[in-house]
Amino acid sequence: MDVYEAVASRRSVRRFTDRPVPREVLERVLSTAAWAPSGSNLQPWHAYVLTGGPLDAVKKRAGARLAAGDPWDEPEYEQYPAHLKSPYRERRSAFGEQRYGGLGIPRADVDARQRAASANWDCFGAPAAMFCYIDRDLGRPQWSDVGMFLQTVMLLLRAEGLHSCTQMAWAKFHRTVAETVAPPRDLTLFCGMSIGYERPEAHTTRTGRAPVRETVTFVDR
């Protein structure tokens, strides 16, 4: 798989088989992803990869919290601005329409949307998950470095025939994740990433992308 194919075929998969992901594949992906760029080579990412019993424990604890109606953990960072301006507001709304519309869930059915969203905390059935942390003392440039690392991981997973789904949703249950991975106190959970093999019958509609003319300006004269 070349780079263009990996980029074009990468998408957020939300239905996985229970087929185990070989440990050597995960090690190969993550050791190669370490070559992702970062300012002054800080490499500010801290990744915890869970499979088997530890991942099951995180899913079970998260599920118990959902069933009990526990509130989300106090946020450690702002996922979206409180007042999302145009065109980002419209793009987010369009994503919701495509995501839940593809599941046959109407906009007004809030309960059904919440049930669909709760699958986040089961990692959509994935047999492997990565939880990515960053030192809370680092700044915005280092957060962008973590993003480049995550994208590199996702493309390498495609090269291995695997799919993934990054999930800021896990930051809402960062205390639950910490009960298993026991990260140092100076780390903040940025996101989780479900990893596995896509279920053949999974819904594969992709959310749209803005045309290049909306996001890129060529200055050549």
Side-chain angles (χ1 to χ4, degrees), residues 6-15 39 44-45 62 65-66 69-124 126 129-134 136 138-155 158 163-177 188-194 198 202-219:
V7 171
S9 64
R10 187 219 63 80
R11 62 186 186 279
S12 296
V13 165
R14 295 181 174 88
R15 293 188 72 181
W45 46 84
R65 288 187 61 176
L66 286 170
D70 285 356
W72 289 337
D73 294 332
E74 182 178 351
E76 296 188 295
Y77 67 91
E78 186 179 53
Q79 293 188 4
Y80 299 100
H83 302 287
L84 201 59
K85 65 182 182 181
S86 181
Y88 315 112
R89 180 179 62 253
E90 291 82 3
R91 291 175 186 168
R92 185 183 186 187
S93 178
F95 163 76
E97 290 297 322
Q98 293 177 23
R99 161 84 173 112
Y100 296 109
L103 295 173
I105 300 174
R107 185 181 186 88
D109 195 340
V110 177
D111 289 341
R113 287 192 171 208
Q114 290 178 339
R115 286 194 298 272
S118 68
N120 271 287
W121 295 287
D122 185 49
C123 292
F124 306 108
M130 181 177 77
F131 295 94
C132 191
Y133 289 77
I134 184 172
R136 67 181 72 252
L138 296 179
R140 292 180 180 178
Q142 289 74 54
W143 283 74
S144 72
D145 292 341
V146 172
M148 289 189 282
F149 167 73
L150 291 169
Q151 174 75 340
T152 302
V153 170
M154 289 185 283
L155 296 182
R158 288 301 302 122
H163 275 287
S164 61
C165 183
T166 51
Q167 303 160 261
M168 286 192 297
W170 275 108
K172 302 179 186 300
F173 277 2
H174 60 84
R175 296 186 188 279
T176 296
V177 179
T188 292
L189 177 60
F190 172 39
C191 69
M193 180 189 293
S194 297
E198 183 181 19
H203 182 72
T204 58
T205 299
R206 299 189 70 183
T207 52
R209 293 295 187 270
V212 171
R213 66 178 179 273
E214 288 188 17
T215 60
V216 178
T217 300
F218 289 96
V219 182

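Keep in mind that this is a model prediction, so the values were computed, not measured. Throughout, residue positions are numbered sequentially from 1 according to the sequence presented.
- Here the options are Phe190, Trp45, Tyr133, the test is ring-ring contact (aromatic ring centres under 6.0 Å, His included), and the partner is Trp143; only Phe190 passes.
- Remark: the backbone N or O of Gly139 is paired with a side-chain donor or acceptor of Gln142 at under 3.5 angstrom.
- Around atom CH2 of Trp72, no more than 12 heavy atoms belonging to other residues, nucleotides or ligands sit under 6.0 Å away.
- Between the Trp121 side chain and the Ala169 main chain, a donor and an acceptor come within less than 3.5 Å of each other.
- Thr188 pairs by the side chain to side chain donor-acceptor pair (under 3.5 Å) definition with Arg136, not counting sequence neighbours.
- With sequence neighbours excluded, no residue satisfies salt bridge (charged side-chain N to carboxylate O under 4.0 Å, His left out) with Arg89.
- With sequence neighbours excluded, the residues satisfying side chain to side chain donor-acceptor pair (under 3.5 Å) with Ser194 are Gln167.
- Note that the OG atom of Ser12 and the CZ atom of Phe124 stand 8.5 Å from one another [nearest 0.5 Å].
- Evaluation of the side chain to side chain donor-acceptor pair (under 3.5 Å) rule for Glu74 yields no partner, not counting sequence neighbours.
- Every residue meeting the salt bridge (charged side-chain N to carboxylate O under 4.0 Å, His left out) condition with Asp73, not counting sequence neighbours, appears here in chain and number order: Arg65.
- The line from CZ of Phe173 to CG of Leu189 is 12.5 Å long, rounded to the nearest 0.5 Å.
- We find the CD-NZ distance between Gln79 and Lys172 to be 4.0 Å, quoted to the nearest 0.5 Å.
- Applying the side chain to side chain donor-acceptor pair (under 3.5 Å) rule to Ser86 yields the partners Glu90; only residues at least two apart in sequence or on another chain are considered.
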